[in-house]
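Heavy atoms only: backbone and side chains are in, while hydrogens, waters and symmetry mates are out. Proteins get letters first, then strands, A, B, ... in listed order; numbering begins at 1 in each.
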Protein chains: 2
Amino acid sequence: MSRPEPTSTDVAQLAGVSQSAVSRAFTEGASISEAKRARVIEAAEQLGYRPNLIARSLITRRTGIIGLAVGDLSNPFYSQLIYKLSEKLQQRNFHLLLFTVPDRANSDDLLEDVINYRLDALVLTSTEVSSHLGARLQERGIPVVLINRTTEDTASSSVASDNEFGASEVARFLVKQGHRRLAYVAGIQNTSTNIERERGFLRALASVAGVTVQHISGDYDVHKSLSVARELFDGENAGPEAIFCANDMMALSLMDALRYNLNLRVPEDVSVVGYDNIEPAAFSAYQLTTYSQPIDEMVDAAVELIVERVSSPGSAPRQIRLRGELVVRASVGVRHPSSADTSAHPSSAASA
Amino acid sequence: MSRPEPTSTDVAQLAGVSQSAVSRAFTEGASISEAKRARVIEAAEQLGYRPNLIARSLITRRTGIIGLAVGDLSNPFYSQLIYKLSEKLQQRNFHLLLFTVPDRANSDDLLEDVINYRLDALVLTSTEVSSHLGARLQERGIPVVLINRTTEDTASSSVASDNEFGASEVARFLVKQGHRRLAYVAGIQNTSTNIERERGFLRALASVAGVTVQHISGDYDVHKSLSVARELFDGENAGPEAIFCANDMMALSLMDALRYNLNLRVPEDVSVVGYDNIEPAAFSAYQLTTYSQPIDEMVDAAVELIVERVSSPGSAPRQIRLRGELVVRASVGVRHPSSADTSAHPSSAASA
DNA sequence: TTGTAGGCGTTATCAT
DNA sequence: ATGATAACGCCTACAA
């Protein structure tokens, strides 16, 4: 049976003190004698009283609740990120209120809810959310923190890996392994992650003579991998020697398509590289070479940004970039130095 | 700059009406003239006013916020479940507050928070949460809904698949395919999912002559797969012909261990079956045969249970069981009918 | 240190 | 239909 919730007044009565005394007993660093606090706590326990955080927030203007907009949870990168973020925030007495943001649908609903609940802040991990939303929240004084996503708008804090650098590392690595006909499988066009990775990859290759890069869009959609594979190895010209996918999920499904639909061997016939270093990338079936995102550091940084903005509303937003590292696994092979043409030069091969 | 939040009083002033009128204008089905409502809405928009849900909840005693305890987000089954649950709940104007519950750690913290925030209900998906917690919440009138988990305690509503039946289907299928030396890789011992699947599998096999079942614990831990594989195929006796893992994640990693560490072929040398039908189970690299959980129906049912218990506090909790189906893929092979009986003997492999 | 009283923003009750 | 007024449960001056 649910008795009527005990309130601070009930506790006060039982303990024979004022209601404010009860409030103080449950407030860190409030001025109250130890004796009285003890009496209050005892009465509270007897009644099973717990301070109502919602009521408290009405006056403190802080709920301790932070909105979290997520798009694609089927990508382990995000589920892992979210889990760790939630864990770390809980340690600081914050909690995440989940918002699923389907396609580019009504991100206005999200806006409404965030405002209506007077959330302390909003974290955006979804690549699909409009930046218009960010602006509207800023002007209401609700801090916005972007994770794995950036925006020109400097009103939002953000944490992201150095995608451009990471992608350039991938490019250099592939070239070093002797690959010359390359391909880039893009993510969703207008996302910051895709733009930066694409730029990093292409720029690093631009200066290398004899390298060709095929560009094809994959939209971060694992279901497009088969058609991507077919297009890359279409009759016309020879297929690429190495393929860089804008994220691991696409890379894994592309590997499957290459191996089981096109009957190509990875890495013997074609090499594949991803980005993120999600757990499945390490599975024996894939052994995907990838550029890792420093997920723990990213989460730590995000927590700092959040706490910073929430506890001192005056503080300026910050943009943070973190570097990961190239994780070399078996999905990339070595090409023999085709001493031939334009520029490519020796690099001896060692193969597994 | 963050102007002071406009309140209903501000709107009332601007619109030249009472504060209660503003409240009514934003309340579905409140008695107010269309004319007045329009005036209020206009003034509200002008000021950027949005009703404060937190303040409202103080008197309605409903926050629209539901706690969600999750354990292992690295298992796609749960991340998918959560995503869909959140989606469906949002459509009903509910939102999920995330609680990560690490090991069997202090589930008391969770309890505290749920109470302190006066959440409308708590959904438990974690297999690790103590049932003591459920009881404490019930007595405070906070409904508890279990997903993919059951408990003796009938005070909680629950949605789960018919694990016992599903596992028995797996057993019958393996027997029908000619397998006789079987193995069960268990999940975490005292979880309802593991208990039920194990029982279903073993019972269905008990009545079949000539079948042996090896039992080994895997703890739903993908990192134990290698040692599990080694133990199963330890020198002594011949290894199993088919292995049923208590969930897909273990099955996938076990397949990797079998293939890449023990150099066994799946399904030619040994068959593997999982439970859940997570997305990766369909990957070409695995083609895992598995028993599916009807995740959409489970989510729908859960939403119903939640809404039911929240909106009519008098309603009794219900326990729901749903059936999935056997999804046959290439990870299971066929053994030739070894017309003989009791024990192991030659059986050549049929392959794809 | 302690109690009193006012207010946080809303909904609910009660007249009108 | 409308407006005053009292909750909702708590925090925080203010005064003592």
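No donor-acceptor distance shorter than 3.5 angstrom exists from the side chain of T150(B) to the backbone of A160(B), with no hydrogens or angles considered.
For N75(B), the side-chain contact (heavy atoms from CB on, under 4.5 Å) partners two or more places apart in sequence, or in a different chain, are D72(B), F77(B), Y78(B), N247(B), M249(B), D276(B), I278(B).
The CD1 atom of I32(A) sits 12 Å away from the P atom of dC11(D) (whole-angstrom rounding). In this structure, I54(B) atom CD1 and dC11(D) atom C1' are separated by 16 Å, rounded to whole Å. We find that OH of Y117(A) is positioned 16 Å from C1' of dG9(C), with the value rounded to whole Å. Between the CD atom of E5(A) and the C1' atom of dA7(D) there is a distance of 16 Å, given to the nearest Å. Going from atom CG of L58(A) over to atom P of dC8(C) covers 9 Å, rounded to whole Å. Taking atom CD of Q13(B) as the reference point, atom P of dG3(D) lies 13 Å away to the nearest angstrom.
Under 4.0 angstrom from either OP1 or OP2 of dG9(D) there lies at least one side-chain N or O belonging to R61(B). Residue K36(A) places none of its side-chain N or O atoms closer than 4.0 Å to OP1 or OP2 of dT1(C).
A side-chain hydrogen bond (donor to acceptor under 3.5 Å, both in side chains) check over residues 9-30 of chain B, counting only residues at least two apart or in different chains, returns the pairs S8(B)-Q19(B).
Residues T125(B) and N148(B) have side chains not in contact (no heavy-atom distance under 4.5 Å, counting atoms from C-beta outward).
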Spell out protein contact along nucleotides 10-16 of chain C as letters: B when the base is contacted, S when just the sugar-phosphate is, - when no protein heavy atom is under 4.0 Å; keep the 5' to 3' order.
-> BBB----
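Each of D120(B), L97(B), L96(B) was evaluated against I65(B); a single residue qualifies, L97(B), per the side chain to side chain contact (heavy atoms under 4.5 Å, CB included) test. Results of the side chain to side chain contact (heavy atoms under 4.5 Å, CB included) test with L81(B) over V299(B), V123(B), V70(B) single out V299(B) as the only residue that passes.
Counting any heavy atom pair closer than 4.0 Å across all strands shown, S31(B) reaches a base atom.
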